[in-house]
Amino acid sequence: MPVPTDPQHFSVITSPISTHPFPLLTEQHILNCAFSSWYSNFRQVTLKSKIIKPLPAEFIEYLHADGVFLPDQNYGRNRYAEYSDDSDSDENNESEVEFNDENYEPLPNFPDLEQQIWQIIEEFDGAVFPKLNWSSPRDATWISATNTLKCTTPSDIFLLLKSSDFIAHDLDHAFDECDHDGQVTTRRQRPDSYELVLRKWYDVTTSLEFRCFVKNENIIAISQRDDNFYHFLLDIGEDLEAKIIQFFTSHIQNKFLDSDYVFDVYIMRNRERVWLIDFNPFGSMTDSLLFTWDEILTANQSHHQPFATNRYPREVFDFSQGQTVTEFAERFQRELAITEEDSE
């Protein structure tokens with residue numbers, strides 16, 4: 001995804017410039033970020049979740065199949081899917097084709113998987129959101145009736161997974177950018193097994209989701225995940241930063257399998273609790289959001305963490321003078337008001 005350049009957004013890097021290279025990324029780094037690799041160690045500070053593993057090979061084949069269609073889901077009768085691009089036949093022709101099995105293939109059927117999903121949905125009060133080993137199908141919410149990842153039936157889950165490019169990447173390209181003896185290669189394209197993760201659904205406030213970049217077990221950058229401008233974040237940015245840092249030092253630091261990684265958190269509306277959402281590799285395949293990766297890679301640890309909430313053009317940082325986000329925003333607004341008065 002492109003880094004937002006909207007002048008109403010604001011980000012600050014307060015760390016001095018360095019020349020740290022991109023850390024080498026191996027297959028093991030990717031595997032360490034798979035949900036089942038970390039969930040048991042952080043169960044107390046993340047959302048309730050269930051893992052269905054391994055997924056049957058037939059279900060992975062279904063996800064690979066061309067087109068978006070739902071599997072047969074135990075409706076008490078056989079259904080058939082036509083793999084034809086001809087959608088112009090009239091009702092009379094359809095009645096003739098219905099009995100021509102040469103034109104149809106039976107829909108795939110996963111009754112055991114479907115039953116497991118129903119049990120988890122019931123256990124989680126009727127709604128979940130899904131992901132595979134690494135990614136959720138958040139790019140496919142357009143196909144959902146609610147435009148969210150909220151799923152109340154297996155059909156909801158199958159439809160999102162089948163429509164997502166992020167899921168397709170998990171299936172076939174998870175290791176594309178891994179280093180092997182100094183060379184980036186696609187030698188290993190697929191993990192040994194796939195898992196379906198169902199997490200209890202919560203109606204979160206997207207403005208309070210943040211991504212944290214960790215290098216050598218120190219947070220070097222924090223960015224809001226949603227690239228929209230939220231004015232209220234300017235007033236509470238310093239408090240949010242402090243809560244994230246405290247959460248990191250208490251629950252995350254030196255407890256993950258790697259020393260360089262990215263993790264996502266959600267801060268509750270009352271700001272009384274921070275929840276771990278996910279881990280991601282410290283690499284270019286992870287969206288750097290309001291920062292560029294160049295900014296992140298050249299940021300050293302200092303007495304202030306780089307914190308990105310809202311983003312203004314880079315030239316306005318020339319007079320930030322190491323201030324906190326809140327102090328800088330207040331000063332910038334004052335300077336802007338004076339300029340507007342002088343122009344009247």
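Note that the structure is a prediction, hence the values are computed from the model and not measured.
Between the Arg199 side chain and the Ile277 main chain, a donor and an acceptor come within less than 3.5 Å of each other. At least one donor-acceptor pair closer than 3.5 Å links the side chain of Trp293 to the backbone N or O of Thr286. Judged purely by atom type and a 3.5 angstrom limit, Ser37 has no side-chain atom pairing as donor or acceptor with the backbone of Cys33. When atom types are taken as modelled, the side chain of Lys243 and the backbone of Ile267 share no donor-acceptor pair closer than 3.5 angstrom. Using a distance-only test at 3.5 Å, with no hydrogens or angles considered, a donor-acceptor pair links the side chain of Lys162 to the main chain of Tyr62. The backbone N or O of Ser207 sits nowhere less than 3.5 Å from a side-chain atom of Thr205 that would complete a donor-acceptor pair. Side-chain atoms of Asn133 come within 3.5 Å of backbone atoms of Ser193 as a donor-acceptor pair (strictly under, hydrogens ignored).
Taking the six-membered ring for Trp and thresholds of 30 and 60 degrees, Trp201 and Phe129 have ring planes more than 60 degrees apart, a perpendicular arrangement. A tilted orientation is assigned to the rings of His173 and His169, their planes being inclined by 30° to 60°. Using bins of under 30°, 30° to 60° and over 60° for the plane-to-plane angle, the ring pair Phe247/His251 lands in the tilted bin.
Under 3.5 Å, the side chains of Gln116 and Asp112 contain no donor-acceptor pair of N or O atoms. A donor-acceptor pair shorter than 3.5 Å cannot be found between the side chains of Asp294 and Thr298. Residues His29 and Asp260 bring no donor and acceptor atom of their side chains to less than 3.5 Å of each other.
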Checklist entry - Is there a side-chain contact (heavy atoms from CB on, under 4.5 Å) between Asn41 and Lys255 once you walk through the steps? => result CA-CA 8 Å; Asn41 291 333; Lys255 295 180 176 66; over 6 Å; no
Item to check | Test side-chain contact (heavy atoms from CB on, under 4.5 Å) applied to Phe158 and Ile117, step by step | outcome: CA-CA 11 Å; Phe158 299 153; Ile117 292 173; 3.8 Å; yes
Next on the checklist: Is there a side-chain contact (heavy atoms from CB on, under 4.5 Å) between Arg271 and Leu240? Walk through the geometry before answering.
Outcome noted: CA-CA 8 Å; Arg271 307 206 297 273; Leu240 295 178; 3.6 Å; yes
Next on the checklist: Under the criterion side-chain contact (heavy atoms from CB on, under 4.5 Å), I'd like the reasoning laid out for Cys212 against Phe248: C-alpha separation, chi angles, the key distance, then a yes or no.
Outcome noted: CA-CA 9 Å; Cys212 308; Phe248 169 71; over 6 Å; no
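Looking at Leu132 and Leu196, their side chains come closer than 4.5 Å, going by heavy atoms from C-beta outward. Counting heavy atoms from C-beta outward, Ser288 and Ser223 have side chains that stay 4.5 Å or more apart. By the 4.5 Å heavy-atom criterion applied to side chains, Phe279 and Ile252 are counted as neighbours. Contact of the Thr206 side chain with the Asn228 side chain is not registered, since no non-hydrogen atoms from C-beta on lie closer than 4.5 Å. The side-chain heavy atoms of Leu233 and Leu208, taken from C-beta on, include a pair separated by under 4.5 Å. With a 4.5 Å cut-off on side-chain heavy atoms, Lys131 and Leu149 do not count as touching. Side-chain contact between Ile157 and Val128 is present, with heavy atoms from C-beta onward closer than 4.5 Å. A heavy-atom distance below 4.5 Å is not found between the side chains of Pro71 and Asn109.
Atom-to-atom distance recorded for Glu123:CD and Lys50:NZ is 4.0 Å, nearest 0.5 angstrom. The structure places CG of Leu25 at 10.0 Å from CD of Glu27, a figure rounded to the nearest 0.5 Å. From Ile121, atom CD1 reaches atom CG of Asp156 across 7.5 Å, with rounding to the nearest 0.5 Å. We find the NE2-CD1 distance between His64 and Ile167 to be 11.5 Å, quoted to the nearest 0.5 Å. Rounding to the nearest 0.5 Å gives a distance of 11.0 Å between OG of Ser164 and CG of Leu159. Annotation: the span from Ile30 atom CD1 to Glu177 atom CD amounts to 8.0 Å, rounded to 0.5 Å.
For the pair Phe175 and Pro191, the tightest heavy-atom approach, listed with the atom from each and the gap, is CE1-N, 3.5 Å. Across every non-hydrogen atom of Ile220 and Phe282, the tightest pair is CD1-CZ, 4.1 Å. Taking all atoms of both residues into account, the shortest heavy-atom contact from Ser136 to Pro130 is CB-O, 3.5 Å. The nearest pair of heavy atoms linking Thr141 to Thr148 is CG2-C, 3.7 Å. Closest approach of Glu217 and Tyr261 over heavy atoms only: OE1-OH, 3.1 Å. Heavy-atom minimum distance, Phe42 versus Leu276: CB-CD2, 3.6 Å.
Taking the six-membered ring for Trp and the full ring otherwise, Tyr202 and Tyr266 have centroids separated by 6.0 Å or more. Here the two rings, on Phe256 and Phe263, have centers that are 6.0 Å apart or farther. Taking the six-membered ring for Trp, Trp134 and Tyr194 have ring centres at least 6.0 Å apart.
The local environment of CD in Gln246 is sparse, with at most 12 non-hydrogen atoms from other residues, nucleotides or ligands closer than 6.0 Å. Around NZ of Lys150, the count of heavy atoms belonging to other residues, nucleotides or ligands within 6.0 Å does not exceed 12.
For the pair Asp264 and Arg211, the salt-bridge criterion is met [side-chain N within less than 4.0 Å of a carboxylate O].
Linking Ile, Leu, Val, Met, Phe, Trp and Tyr whenever their side-chain heavy atoms come within less than 4.5 Å puts Met268 and Ile236 in one cluster. Grouping the Ile, Leu, Val, Met, Phe, Trp and Tyr side chains by contacts below 4.5 angstrom, directly or via other members, places Phe110 with Val68.
With Ser135 as reference, Asp170 is the one residue of Asp165, Leu171, Asp170 to meet the side-chain contact (heavy atoms from CB on, under 4.5 Å) rule.
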